[in-house]
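Structure, as structure tokens:
Sequential numbering from 1 along the given sequence is applied to the chain's residues. Remember, it's 1-based here, ligands and their atoms both numbered in the order they're listed.
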Amino acid sequence: MGLTYQSTGRSTTREIFNVPNAGSELVIALAGNPNTGKSTVFNALTGLRQHTGNWPGKTVLRAEGSFIHGGRRYTLIDLPGTYSLHANSVEEEVARDFLCFANPDATVVVADGTCLERNLNLALQVMEITDNVIVCVNLIDEARRKKMHINIQKLSKALGVPVVPTAARSGEGLSELMDTISDVALGRVMPKPVLVRYSDEMEKAIAQMEPKVREIIGTHINTRWVALRLIDGDTKLVQAMERYYKEQNPKQADLEVLA
Ligand SMILES: Nc1nc2c(ncn2[C@@H]2O[C@H](COP(=O)(O)OP(=O)(O)O)[C@@H](O)[C@H]2O)c(=O)[nH]1
Ligand SMILES: [Mg+2]
């Protein structure tokens with residue numbers, strides 16, 4: 001197993017996804033289970049500054065928009081709604097690849113406040129890929145109506161990332177969400193995700209695998225997560241890594257295959 005990777009960094013991989021390169025423009029991904037109000041959040045934040053198209057090489061619809069906050073432009077990418085990032089469907093693959101290879105400056109996971117437990121599964125998976133995560137607990141009005149109380153501070157502490165309650169349809173909490181996106185994207189707030197600890201056996205395997213992964217791919221992608229996926233036998237991730245790094249470095253024909 002081996003994959004040589006001479007990355008030229010975050011910006012070049014972004015080009016593959018047709019998103020702005022690092023610079024004055026910041027790139028924010030919106031992830032979430034279907035029906036959590038992700039598009040409502042997206043529309044509320046970007047207004048008329050948006051356009052749709054397809055993901056490069058896929059027939060999956062992609063919405064991209066932007067908003068200005070504190071004199072800076074933020075590009076928002078609405079990822080397909082998914083329950084996981086295991087690349088079992090083309091939507092999951094698109095979301096996973098974007099988070100993994102386009103390295104967004106921040107990722108907002110929109111969660112349904114009325115069934116948080118199920119929704120946090122995706123948040124935990126996103127947190128395994130990237131540190132810069134914000135959990136947006138949406139539909140907070142519905143949760144209130146159902147007499148559910150969510151302790152936002154406790155949740156934020158347990159996850160290690162900022163949590164913002166919103167009711168996107170009425171606009172509640174959206175300015176706090178923008179402030180938090182800006183804080184995280186600009187590094188004023190640095191989330192420290194509390195990661196899932198697996199069985200001792202699994203953790204041992206990860207600890208053995210991770211240094212090897214780091215040697216091969218460097219640190220542009222979260223090496224713990226790549227190790228985990230490899231242990232899980234995720235050959236699709238290896239194929240994706242090959243694809244993206246080959247596109248990035250077309251002349252580099254010496255990419256060996258990992259699996
Ligand atoms: N009550 C309430 N409804 C919401 C809220 N956000 C979105 N919705 C509604 O939830 C439904 C699904 O929203 P949508 O944005 O399409 O969800 P998506 O599938 O995650 O993109 C729509 O009918 C929205 O109007 C919210 O905060 N409160
Ligand atoms: Mg949607």
Worksheet item: Does the Asp141 side chain pair with the main chain of Ala167, one donor and one acceptor, at a distance under 3.5 Å?
Response: no
Worksheet item: Quick one: does Ala168 get a heavy atom under 4.0 Å from ligand 1?
Response: yes
Fill in: Glu142, portion touching ligand 1 at heavy-atom distance under 4.0 Å
side chain
Worksheet item: Applying the 4.5 Å side-chain criterion to the ILVMFWY set and letting contacts propagate, would Tyr198 and Leu122 be lumped into a single cluster?
Response: yes
Practice prompt. May I ask you to check if ligand 1 and Gly37 share an N or O to N or O distance below 3.5 Å?
Written response: yes
Worksheet item: Which ligand 1 atoms does Ser39 reach within 4.0 Å, using its non-hydrogen atoms?
Response: 15 (O), 18 (P), 21 (O)
Worksheet item: Is a donor on one side and an acceptor on the other found under 3.5 Å between the side chain of Asn222 and the backbone of Glu128?
Response: yes
Fill in: Heavy-atom protein neighbour under 4.0 angstrom from atom 10 (O) of ligand 1
no
Practice prompt. Identify, for atom 28 (N) of ligand 1, the protein heavy atom at the shortest distance, and state residue, atom and that distance.
Written response: Asp141 OD1, 2.9 Å
Practice prompt. Going by the side chain to side chain contact (heavy atoms under 4.5 Å, CB included) test, name the single residue among Thr180, Val135, Asn151 that passes it with Val163.
Written response: Val135
Worksheet item: Just distances here: any N/O of Ile140 and N/O of ligand 1 closer than 3.5 Å?
Response: no
Worksheet item: Hey, is atom 2 (C) of ligand 1 under 4.0 Å from any protein heavy atom?
Response: yes
Discussion item. So does Val27 get a backbone contact from the side chain of Asp105, meaning a donor-acceptor N/O pair under 3.5 Å?
Written reply: yes
Worksheet item: Where's the contact between Asn35 and ligand 1, heavy-atom distance under 4.0 Å: side chain, backbone, both or neither?
Response: both
Worksheet item: Are the charged groups of Glu210 and Lys212 less than 4.0 angstrom apart, N to O?
Response: no
Worksheet, complete the sentence: Checking heavy-atom distances from atom 6 (N) of ligand 1 to each of Asp112, Asn138, Leu139, Val41, the winner is Asn138
Response to the item:
Short version for Thr40: what comes under 4.0 Å of ligand 1, heavy atoms counted, is both
Discussion item. Please list the nearest protein heavy atom to atom 23 (O) of ligand 1 with its residue and the distance rounded to 0.1 Å.
Written reply: Arg169 NH1, 4.2 Å
Discussion item. Has Glu92 got a side-chain atom pairing as donor or acceptor with Asn88's backbone, closer than 3.5 angstrom?
Written reply: yes
Response to the item:
One finds that the ligand 1 atoms under 4.0 Å from a non-hydrogen atom of Ala167 are 27 (O)
Discussion item. With side chain to side chain donor-acceptor pair (under 3.5 Å) as the test, pick out the partner of Ser66 among Arg49, Gln50, His51, Arg73.
Written reply: Arg73
Discussion item. Check the orientation of His69 and Tyr74. Use parallel for under 30°, tilted for 30 to 60°, and perpendicular for over 60°.
Written reply: perpendicular
Worksheet item: Between the Mg ion (ligand 2) and Ser39, is there an N, O or S atom separated by less than 2.8 Å?
Response: yes
